[in-house]
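Shown next, in structure tokens, is the structure this report addresses.
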Amino acid sequence: MNAYAPILVLGVIAAGFAIFSVFMASIIGPKRYNRAKLEAYECGIEPTPQPAGGGRFPIKYYLTAMLFIVFDIEIVFLYPWAVTFDRLGMFGLVEMLLFVLTVFVAYAYVWRRGGLEWD
């Protein structure tokens, strides 16, 4: 438990700073609201009406999200692997090749479904 105390203290300090910053900004910050500022942010494009049950999103939205998650997870695993590459030896190399092959399968699926084409 002693080894985790600095991490716990850092987490408490970070959470305290975040809460303090948001609280002080709401008290001290300017409160000049106008109609444009209170509207939903839509990149300058008027929002289109949606059906009552929500709308259907195009498949490219989900493919883009999946591609982001795949590469995000890949980076999370590649960085520690690169740091300990010398100690892992041939086992680490084979495991990472299998992992990259699995990521490539997901990439090929997104590519085949048209997730990389921007119209």
Q. Which pair of heavy atoms, one from Phe77 and one from Met96, lies closest together, and at what distance?
A. O-CE, 3.9 Å
Q: Locate the shortest heavy-atom distance separating Leu93 from Phe85; write the atom from each residue and the value.
A: CD1-CE1, 4.3 Å
Q) Out of curiosity, does Met90 fall in the hydrophobic cluster containing Leu97 (side-chain heavy atoms, cut-off under 4.5 Å, transitive links)? A) yes
Q: Determine whether Val22 and Phe17 fall in the same hydrophobic cluster, where Ile, Leu, Val, Met, Phe, Trp and Tyr are linked whenever their side-chain heavy atoms lie under 4.5 Å apart.
A: no
Q.
If hydrophobic clusters are built from ILVMFWY residues whose side chains come within less than 4.5 Å, do Ile19 and Val9 share one?
A. no
**Q.** Shared hydrophobic cluster, Ile73 / Phe68 (ILVMFWY, side-chain heavy atoms < 4.5 Å)
**A.** yes
Q. If Ile, Leu, Val, Met, Phe, Trp and Tyr residues are connected whenever their side-chain heavy atoms lie under 4.5 Å apart, and connections chain through other members, are Leu98 and Phe104 in the same group?
A. yes
**Q.** Approximate separation, where rounding is to 0.5 Å, of Ile7 CD1 and Leu10 CG
**A.** 8.5 Å
Q) Is the CZ atom of Phe71 crowded by more than 12 outside heavy atoms at less than 6.0 Å? A) yes
Q. Do the rings of Tyr107 and Trp111 sit parallel, tilted or perpendicular, given the 30° and 60° boundaries?
A. tilted
